[in-house]
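Here the structure is laid out as structure tokens; the discussion comes afterwards.
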Amino acid sequence: MPATSATTTGPKPSRPVRKQAVPRSRSGPRDGRKREFTTRRGLLIAAFMAPAAIFVAVFTYYPMIAGSQMAFRHWDLNDLTDTSWVGLRNFQEVFSDPNWGTVLGNTGLWVIGSIVPQLVIGFALALWLRRRFRFRGVYQALVFFPWAISGFLIGILFRWMFNSEFGVVNDLLQKAGLIDEPVAWLADPHKAMIAVLIANTWYGVTFFAIMLLAALQSVPDELYEAAALDGAGKVRTLFQITIPYIRVTLVLTVLLRVIWIFNFPDLIFGMTGGGPNNETHIVTTWMIKITQQGDYGKASALGLLVVAGLLLFTVFFLLATREKREVRS
């Protein structure tokens, strides 16, 4: 018999599998690690930031430093031959000025008398605009429209509205039977501040409505549904759900608005120019008036006092934002 050759059986050797190269993403490494910071990247970032940094330095910080040193010198446009160093004399002139007490009191009234009604009315508008109803977008546009207008222009508009002879305010009050004869709103020292506060309230309500409406839209509807199932009324829901949930936004919005109102002379200058008899002057409008008189030293000293006041509010602002970060962490 022919001899059969024995065949060996077994697994065939497998061919080595070639790994396909995965293309590296242009956005960065595949493992998600940050790209290594190199000198070239640093120079590139600095080159892009340089124009903005130069612009801010030339038009913001240099005038600030140059104006600050004027506060310690005799700097009067009527006599530029003497710009000697006078130390704190300009600050002493500010504090000894007979108008300083009136201006300081007007500033406090201006801030508090504007913040409270703006917050209350703006919060009410935000709660109303959060609801779904027909033509809600149109109402939102009408409410937000004043924020797009210049404050000085708003002041001129309200100056005509409060005009004692042909102003629309007196006309409406007479037709409603609330007054018998026209009221000289802007000429009366006791009523001029009321007029500018009404104008600033109308102008600033929009800011609170925008900020608080954005915060209210982040409140989950499930919280209100649970409160309704528990039998909570509208007032209890407002103070136990809505306000605690947007508390951080409320605090930050109020602090930011205080800073802006404290440093907002546009509307007053457009309506009264600080009159009558300095009864509507606040610190910033008084500083502008002193500058127009040519006493840059005294005006610069007053400006440093304004910066100090704003820095005080900034400290509270930073503390509030730090509290927000701690709560989130």
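A quick note: this is a predicted structure, and the numbers were derived from the prediction, not measured.
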(message) With side chain to side chain donor-acceptor pair (under 3.5 Å) as the criterion, how do Asn278 and Thr102 come out once you've worked through the C-alpha distance, each side chain's angles and the decisive distance to 0.1 Å?
(response) CA-CA 8 Å; Asn278 297 324; Thr102 302; over 6 Å; no
[X] and [Y]: which non-hydrogen atoms are nearest, and at how many Å?
X      : Y      : answer
Asp221 : Arg130 : OD1-NH2, 3.1 Å
Asn90  : Ala71  : ND2-O, 2.8 Å
Thr280 : Ala192 : CG2-CB, 3.6 Å
Leu305 : Trp100 : CD1-CH2, 4.3 Å
Ala199 : Met271 : CB-SD, 3.5 Å
Ile288 : Pro265 : CD1-CG, 3.9 Å

Taking the side chain as every heavy atom from C-beta outward, state whether [X] and [Y] have any atom pair closer than 4.5 Å.
X      : Y      : value
Trp128 : Phe123 : no
Phe208 : Leu125 : no
His190 : Glu279 : no
Pro182 : Gln174 : yes
Phe162 : Ile198 : yes
Thr206 : Ile210 : yes
Ile54  : Val58  : yes

Same cluster or not: [X] versus [Y], using hydrophobic residues (I, L, V, M, F, W, Y) connected whenever any side-chain heavy atoms lie under 4.5 Å apart?
X      : Y      : result
Val254 : Leu109 : yes
Trp260 : Val307 : no
Trp160 : Leu157 : no
Trp202 : Val120 : no
Phe269 : Val306 : no

(request) Check whether any side-chain N or O of Tyr224 sits under 3.5 Å from a backbone N or O of Thr237 as a donor-acceptor pair, and report yes or no. (result) no
(request) Using modelled atom types only, decide if a donor and an acceptor are shared between the side chain of Thr285 and the backbone of His281 within a distance under 3.5 Å. (result) no
(request) Can you tell me which residue pairs pass the salt bridge (charged side-chain N to carboxylate O under 4.0 Å, His left out) test with a partner in residues 188-214, sequence neighbours excluded? (result) Asp188-Lys191
Got a sec: does the [atom1] of [X] have more than 12 other heavy atoms crowding it under 6.0 Å?
X      : atom1 : answer
Tyr296 : OH    : no
Tyr62  : OH    : no
Tyr61  : OH    : no
Glu181 : CD    : no
Ile112 : CD1   : no
Asp180 : CG    : no

(request) Could I get the full list of side-chain hydrogen bond (donor to acceptor under 3.5 Å, both in side chains) partners for Asn263, not counting sequence neighbours? (result) none
Can you tell me how far the [atom1] atom of [X] sits from the [atom2] atom of [Y], to the nearest 0.5 Å?
X      : Y      : atom1 : atom2 : result
Asn200 : Leu267 : CG    : CG    : 5.5 Å
Leu186 : Asn163 : CG    : CG    : 7.5 Å
Leu119 : Arg257 : CG    : CZ    : 11.5 Å
Thr242 : Leu212 : OG1   : CG    : 11.5 Å
Phe262 : Ile282 : CZ    : CD1   : 8.0 Å
Thr249 : Arg247 : OG1   : CZ    : 10.0 Å

(request) List for me each residue that meets side-chain contact (heavy atoms from CB on, under 4.5 Å) alongside Ser96, sequence neighbours excluded, and say none if there are none. (result) none
(request) I would like to know whether Tyr245 and Ser218 meet side chain to side chain donor-acceptor pair (under 3.5 Å); could you show each step before the answer? (result) CA-CA 9 Å; Tyr245 198 91; Ser218 66; 5.4 Å; no
(request) Compute the centroid of each ring, for Phe91 and then for Phe95, and state whether the two points are separated by less than 6.0 Å. (result) no
(request) Answer yes when Asp97 and Lys298 have at least one side-chain N-carboxylate O distance shorter than 4.0 Å, and no when they do not. (result) yes
(message) Val258 and side-chain contact (heavy atoms from CB on, under 4.5 Å): which single residue from Thr253, Leu310, Val111 fits?
(response) Val111
(request) Quick one: sort the Trp85 and Phe72 rings into parallel, tilted or perpendicular, breaks at 30° and 60°. (result) parallel
(request) Run the numbers on Trp286 and Asn106 for side chain to side chain donor-acceptor pair (under 3.5 Å), then give the verdict. (result) CA-CA 11 Å; Trp286 193 41; Asn106 289 341; over 6 Å; no
